[in-house]
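Hydrogens, waters and symmetry mates are skipped; everything else that's a heavy atom, side chains included, is used.
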Amino acid sequence: MKDKILTRMGDGERVWLSAAEIKEDIAAGAEDAARRAKVPPLSAEEQEQLFDIIADPSRAVSVSPGEELIVTDDGGTMSFYTCQDGGGVGVPLSRMQAILVYERACGADTTSMGHSDYSFKPVKPIINFEMNEYYTTSMMTTVPFFYGAQPNMGLYYQPDGPCPNPADLMPAGKIKEAREAQERAAEYLKKDLVFVGKKMASVGCEGLNFDTSGSAGDADFLAALEAVRELKQGLDHMPIIMGSANEFVLGMHGAVTFDGQRLAGMYPHRQVKVVEAAGADVFGVAVGTNTNETVPWNLARTLTYVKETVKTANIPVHVNVGMGVGGVPMMESPPLDTVSRVSKALAKIGKIDGL
């Protein structure tokens with residue numbers, strides 16, 4: 001394919017594009033994010049830098065020696081022991097073995113442990129088991145070892161939880177009842193996040209991870225923020241990472257506020273400020289991948305959000321990079337050619353932080 005450059009679509013399909021087509025997609029992706037979040041797009045120089053990273057003929061790319069960043073992990077070890085149906089590599093390992101393999105064989109900067117359902121609600125009734133497992137494994141690890149999961153407020157709605165389901169109430173026009181259900185669910189969620197956090201802290205937890213906060217909307221995001229604030233009042237020594245679920249907070253409730261700020265519709269550069277105010281130590285940006293667009297388009301869009309977030313933040317900003325987020329294609333096993341380009345671009349252009 002003379003005069004063409006190999007890249008991918010957001011679903012992972014390989015495509016050959018001309019240099020002009022790639023540059024056009026980079027500009028369009030950056031403009032899409034800038035328009036939505038009302039932030040500056042990537043500069044012409046940054047767009048050219050991104051083009052050079054994408055157009056590099058090597059299968060995998062990297063930053064230069066000395067420019068590496070220490071990164072955080074959320075749930076990576078689960079891929080080894082196939083905790084999720086249809087996911088993982090299917091190696092017959094225990095949870096502890098998977099964590100140690102990830103640390104020692106893969107050279108991970110940090111590692112983590114979580115319940116196989118990867119939500120905090122199922123952890124509450126088995127907290128003593130999780131505390132024992134965490135403590136035992138922490139005696140074997142050297143790198144920072146986090147305990148984490150999703151707040152996942154959806155589990156507090158019927159039929160799985162005690163609260164009426166807003167998804168049933170809103171189509172029926174019962175907006176007030178739907179909001180009340182979300183507020184009640186948020187209270188349950190906050191209490192469980194605080195309960196699990198305090199229990200894990202009692203066995204020397206090296207870090208707590210509220211991953212994908214806001215997945216059930218703005219009330220879910222609020223519950224995580226309030227839990228962070230309460231935990232930090234008595235457990236300031238335990239670092240807390242708070243990652244978002246999307247590039248903007250879904251307004252499922254629409255009116256909840258934190259410190260007087262309406263959460264619905266917040267983009268990452270504003271999300272990080274309320275996360276800071278709550279007391280979290282690291283913020284994780286999540287930007288969804290559009291499978292109908294190319295990787296250059298998606299990556300430019302991600303970088304536009306991330307660059308402004310880093311500029312605004314006073315705490316370290318990391319980026320959720322994986323299947324279908326952060327510019328990576330929606331593939332169960334994301335390709336190295338794309339992941340490495342995303343990683344380099346986030347470090348060089350997005351200016352993300354190490355720990």
Side-chain angles (χ1 to χ4, degrees), residues 60 62 68-152 155 192-193 195-212 237-243 281-282 284 318-326 328 331-336 339-340 342-343 354-355:
S62 69
E68 303 94 334
L69 295 172
I70 297 174
V71 300
T72 49
D73 154 73
D74 51 18
T77 59
M78 295 180 178
S79 296
F80 286 109
Y81 60 91
T82 324
C83 73
Q84 298 172 340
D85 293 339
V89 295
V91 179
L93 297 173
S94 70
R95 189 158 50 162
M96 179 190 290
Q97 289 171 330
I99 290 164
L100 296 178
V101 166
Y102 188 62
E103 177 195 38
R104 299 175 184 183
C106 299
D109 295 324
T110 66
T111 187
S112 66
M113 179 182 123
H115 185 265
S116 58
D117 281 341
Y118 206 56
S119 300
F120 280 93
K121 183 172 177 274
V123 173
K124 188 175 181 179
I126 58 166
I127 188 61
N128 290 332
F129 173 81
E130 291 293 276
M131 290 164 64
N132 181 66
E133 182 93 350
Y134 178 90
Y135 178 79
T136 303
T137 306
S138 70
M139 295 296 100
M140 306 288 289
T141 57
T142 302
V143 297
F145 179 35
F146 295 92
Y147 186 88
Q150 297 180 26
N152 197 0
L155 292 181
D192 285 355
L193 294 176
F195 174 82
V196 173
K198 287 182 176 179
K199 286 290 188 179
M200 297 308 298
S202 71
V203 292
C205 184
E206 298 165 16
L208 195 64
N209 181 13
F210 290 164
D211 181 22
T212 324
H237 61 281
M238 182 176 66
I240 299 178
I241 298 174
M242 186 167 168
D281 300 274
V282 180
H318 291 197
V319 179
N320 292 354
V321 172
M323 183 182 70
V325 291
V328 174
M331 300 176 69
E332 192 159 303
S333 297
L336 179 63
V339 175
S340 65
V342 167
S343 300
L355 279 182

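- Minimum interatomic distance between His115 and Pro122 (heavy atoms only, all atoms of both residues): CE1-CB, 3.7 Å.
- The CG atom of Leu100 lies 8.0 Å from the OG1 atom of Thr111; values are rounded to the nearest 0.5 Å.
- Taking 4.5 Å as the limit, some side-chain heavy atom of Thr141 sits within range of a side-chain heavy atom of Ile99.
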Exercise for the section: Determine, stepwise, if the pair Arg95 / Thr77 fulfils side-chain contact (heavy atoms from CB on, under 4.5 Å). Expected result: CA-CA 8 Å; Arg95 189 158 50 162; Thr77 59; 5.9 Å; no

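- Contact detail for Ser202 and Met131: the closest heavy-atom pair is OG-CE, 3.4 Å.
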Practice task
Show your working on side-chain contact (heavy atoms from CB on, under 4.5 Å) between Val196 and Glu130 and close with a plain yes or no.
Solution key: CA-CA 10 Å; Val196 173; Glu130 291 293 276; over 6 Å; no

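- Donor-acceptor pairing under 3.5 Å is lacking for the side chains of Tyr147 and Glu206.
- Residues Thr110 and Asp73 have side chains that never bring a donor and an acceptor to within less than 3.5 angstrom of each other.
- The nearest pair of heavy atoms linking Val203 to Tyr135 is O-CD1, 3.7 Å.
- Going from atom CE of Met238 over to atom CG of Asp281 covers 9.5 Å, rounded to the nearest 0.5 Å.
- Summarising the geometry, atom CE belonging to Met139 is positioned 10.0 Å from atom CZ belonging to Phe145; distances are rounded to the nearest 0.5 Å.
- Remark: Glu103 CD to Asp109 CG distance equals 10.5 Å, nearest 0.5 Å.
- Here the side chains of Val328 and Met323 are not in contact, with every heavy-atom distance at 4.5 Å or above.
- For the residue pair Tyr118 / Asp211, a side-chain donor-acceptor distance below 3.5 Å is found, with atom types taken as modelled.
- Shown here for Ser94 and Gln97, the closest heavy-atom pair between the two residues is N-OE1, 2.8 Å.
- Met242 places none of its side-chain heavy atoms less than 4.5 Å from the side chain of Val282.
- Aromatic ring centres of Phe210 and Phe120 lie closer together than 6.0 Å.
- The two atoms that bring Thr136 and Met96 nearest to each other are CG2-CE, 3.4 Å, heavy atoms only.
- Counting only heavy atoms from C-beta outward, the side chains of Phe146 and Met113 never approach each other to under 4.5 Å.
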Practice task
Applying salt bridge (Lys or Arg N to Asp or Glu O under 4.0 Å), run through Asp192 and Lys121 and close with a yes or a no.
Solution key: CA-CA 7 Å; Asp192 285 355; Lys121 183 172 177 274; over 6 Å; no

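- By the 4.5 Å heavy-atom criterion applied to side chains, Asn209 and Ser112 are not counted as neighbours.
- With contacts defined as side-chain heavy-atom distances shorter than 4.5 Å, the pair Ile241/Thr72 qualifies.
- Between Asn152 and Ser119 the shortest heavy-atom distance is ND2-OG, 2.8 Å.
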